[in-house]
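Below is one structure, written out as structure tokens; the observations come after it.
All ligand and atom numbering here is 1-based and tracks the order in the structure. Quick note: numbers below take in every heavy atom, side chains included, and nothing from hydrogens, waters or symmetry partners. Throughout, residue positions are numbered sequentially from 1 according to the sequence presented. In this text, all values refer to a predicted model and were calculated from it rather than measured experimentally.
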Amino acid sequence: MSDATANSGGRRCRRVLLKLSGEALMGEQPHGISPAILDYLATEIRAINQLGVQAGLVIGAGNIFRGMAGSVAGMDRATADNMGMLATVINALALHDALERHGVAARVLSAIAMPTVCETYSRQKAHHHLDKGRVVIFAAGTGNPYFTTDTAAMLRALEIRADLVCKATRVDGVYDKDPLRHPDAVRFASLSFAEVLGRQLKVMDSAAISLAMDNATPIMVFDMMVPGNMLKAVRGERIGTLIGE
Ligand code: UDP
């Protein structure tokens, strides 16, 4: 196990990229969007916004549709991926609505142009909104098939020069094996990028981890369902698993 210390010396983040999986929005439901979870997430994100941390969000679509599932069922992969990217826009709009209802100024920037629904992504617009203190929700992934929203999150993190990527999950960090199936699973306090790739740990996909490694962008993996965890992460507190070096 490594002793990654990137952004862990009690340093508060200036800018964070928060990656939420689509499944994070389901709550106890088997699919779709739970209004209670939206309210919870909006409250947690409001806390980091009020702290003055500029936040970008990338949200997946596993609660609605994943391209790979369509492809396995016989669909053309690129078409299925386009459907997956459109599904992320549905989640982004839901989160945007929840944030605004909770008094947080937010904007949705989509990598696929749909100007009657939301703004089209550009790096300049993202910086502009973040500088104004607005939460920016990056929708439609990278805008390209054959990618995931993990890679989109890392790409946007680099473009907005985020000092930390928070991968919010429903598990309290990265384990050596699945903690839900193995009671003796051990949680890592920290890991290097090379360890994550070498051990094929299921943190983010390998394209996202490679981007993070090449650009020395630390990743914090933590349980987003523990109230206050997002705030702790951006304050530089060591929760969950920190991936760096
Ligand atoms: N997707 C894509 N290109 C991207 C990002 C996402 O084609 O840059 C599609 C892909 O089909 C993927 C779906 O959108 O399965 C939803 O994203 P993801 O699976 O990453 O969602 P999550 O697992 O985070 O809920």
Side-chain angles (χ1 to χ4, degrees), residues 16-34 37-38 40-41 45 55-96 98 108-114 117-118 120-123 126 136-160 165-171 174 178 180 196 200-212 219-225 230 240 243:
V16 67
L17 191 295
L18 183 64
K19 164 71 206 308
L20 300 167
S21 69
E23 285 173 359
L25 297 188
M26 299 190 311
E28 299 306 313
Q29 303 173 186
H31 54 75
I33 301 173
S34 153
I37 294 286
L38 284 179
Y40 169 75
L41 289 172
I45 295 164
L57 307 181
V58 168
I59 177 108
N63 57 325
I64 302 174
F65 189 83
R66 282 200 182 97
M68 191 61 96
S71 165
V72 166
M75 286 186 73
D76 170 67
R77 172 71 191 266
T79 302
D81 280 342
N82 284 340
M83 291 169 64
M85 286 188 278
L86 294 180
T88 72
V89 181
I90 294 174
N91 286 336
L93 294 176
L95 207 48
H96 176 259
V108 177
L109 300 185
S110 172
I112 297 175
M114 47 182 91
V117 173
C118 59
T120 305
Y121 172 75
S122 81
R123 194 166 51 84
V136 175
I137 308 170
F138 298 106
T142 64
N144 301 288
Y146 295 96
F147 285 92
T148 67
T149 51
D150 278 351
T151 307
M154 202 51 73
L155 176 64
R156 297 298 181 236
L158 296 174
E159 289 181 289
I160 65 169
V165 170
C166 284
K167 165 91 177 177
T169 70
R170 290 193 276 191
V171 186
V174 183
D178 184 353
L180 301 177
V196 173
Q200 299 190 320
L201 296 169
K202 303 264 174 286
V203 180
M204 295 177 105
D205 62 45
S206 54
I209 297 291
S210 299
L211 268 179
I219 305 167
M220 184 83 88
V221 184
F222 61 90
D223 184 353
M224 63 155 201
M225 292 314 292
M230 276 187 206
I243 301 161

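- Between D150 and ligand 1, not a single N/O pair is under 3.5 Å apart.
- Applying the side-chain hydrogen bond (donor to acceptor under 3.5 Å, both in side chains) test to every pair with at least one member in residues 200-209, sequence neighbours left out, gives these pairs: T148-D205, T151-D205.
- Of the heavy atoms in N144, only backbone atoms (N, CA, C, O) come closer than 4.0 Å to ligand 1.
- Here's the thing with T88: none of its N/O atoms is less than 3.5 angstrom from an N/O atom of ligand 1.
- Residues G27 and R170 approach most closely at O-NH1, 3.5 Å, considering heavy atoms.
- At a 3.5 angstrom cut-off on N or O pairs, G141 does not count as close to ligand 1.
- Those atoms of ligand 1 that come under 4.0 Å of a heavy atom in G60, given as number and element, are 21 (O), 22 (P), 24 (O), 25 (O).
- Heavy-atom proximity to atom 15 (O) of ligand 1, evaluated over G84, G67, A152, is greatest for G67.
- Between N82 and ligand 1, no N or O atom pair is found at a separation short of 3.5 Å.
- Those atoms of ligand 1 with a heavy atom of T149 less than 4.0 angstrom away are 5 (C), 6 (C), 17 (O), 18 (P), 20 (O), 21 (O), 22 (P), 24 (O).
- Residues I64 and M83 are not in side-chain contact: their nearest non-hydrogen atoms beyond the backbone lie 4.5 Å or more apart.
- In terms of heavy atoms, M224 sits closest to A24 at CE-CB, 3.3 Å.
- Closest approach of V58 to T149, counting heavy atoms only: CG1-O, 3.5 Å.
- Nearest protein neighbour of atom 10 (C) of ligand 1, counting heavy atoms only, is D81 OD1, 3.3 Å.
- Summarising the contacts of atom 5 (C) of ligand 1 with I59, T148, T79, the nearest heavy atom is found in T148.
- Residue N63 places no N or O, backbone or side chain, under 3.5 Å from any N or O of ligand 1.
- Here the side chains of I209 and L201 are not in contact, with every heavy-atom distance at 4.5 Å or above.
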Worksheet entry | Step-by-step side chain to side chain contact (heavy atoms under 4.5 Å, CB included) determination, I137 to N91 | CA-CA 10 Å; I137 308 170; N91 286 336; over 6 Å; no
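- Those atoms of ligand 1 that come under 4.0 Å of a heavy atom in P145, given as number and element, are 7 (O).
- Of all atoms in ligand 1, numbered sequentially from 1 with element shown, those under 4.0 Å from a heavy atom of G62 are 21 (O), 22 (P), 25 (O).
- With sequence neighbours excluded, no residue forms a ring-ring contact (aromatic ring centres under 6.0 Å, His included) with F65.
- For ligand 1, the polar-atom distance check finds an N/O of F147 within less than 3.5 Å of one of the ligand's N/O atoms.
- Within the 4.5 Å cutoff, side-chain heavy atoms of L86 are placed close to those of M114.
- Contact detail for T88 and A140: the closest heavy-atom pair is OG1-N, 2.8 Å.
- Using a 4.0 Å cut-off to heavy atoms of G22, the atoms of ligand 1 that qualify are 22 (P), 24 (O), 25 (O).
- At the top of the distance list for atom 21 (O) of ligand 1, counting protein heavy atoms only, stands A61 N, 3.1 Å.
- The protein non-hydrogen atom at the shortest distance from atom 23 (O) of ligand 1 is R66 NH2, 2.8 Å.
- Annotation for V136 and A126: closest pair CG2-O, 4.0 Å, computed over non-hydrogen atoms.
- Shortest non-hydrogen contact noted between R77 and S71 is CD-CB, 3.7 Å.
- For ligand 1, the polar-atom distance check finds no N/O of S21 at less than 3.5 Å from any of the ligand's N/O atoms.
- The distance from the OH atom of Y146 to the CE atom of M68 is 9.5 Å, given to the nearest 0.5 Å.
- The shortest N or O to N or O distance between A140 and ligand 1 is not below 3.5 Å.
- Ligand-side atoms of ligand 1 in range of K19: 24 (O), range being under 4.0 angstrom from any heavy atom.
- Ligand 1 has no atom lying under 4.0 Å from any heavy atom of M83.
- Per-residue contacts place T142 under 4.0 angstrom from the following atoms of ligand 1 (heavy atoms of the residue considered): 4 (C), 8 (O).
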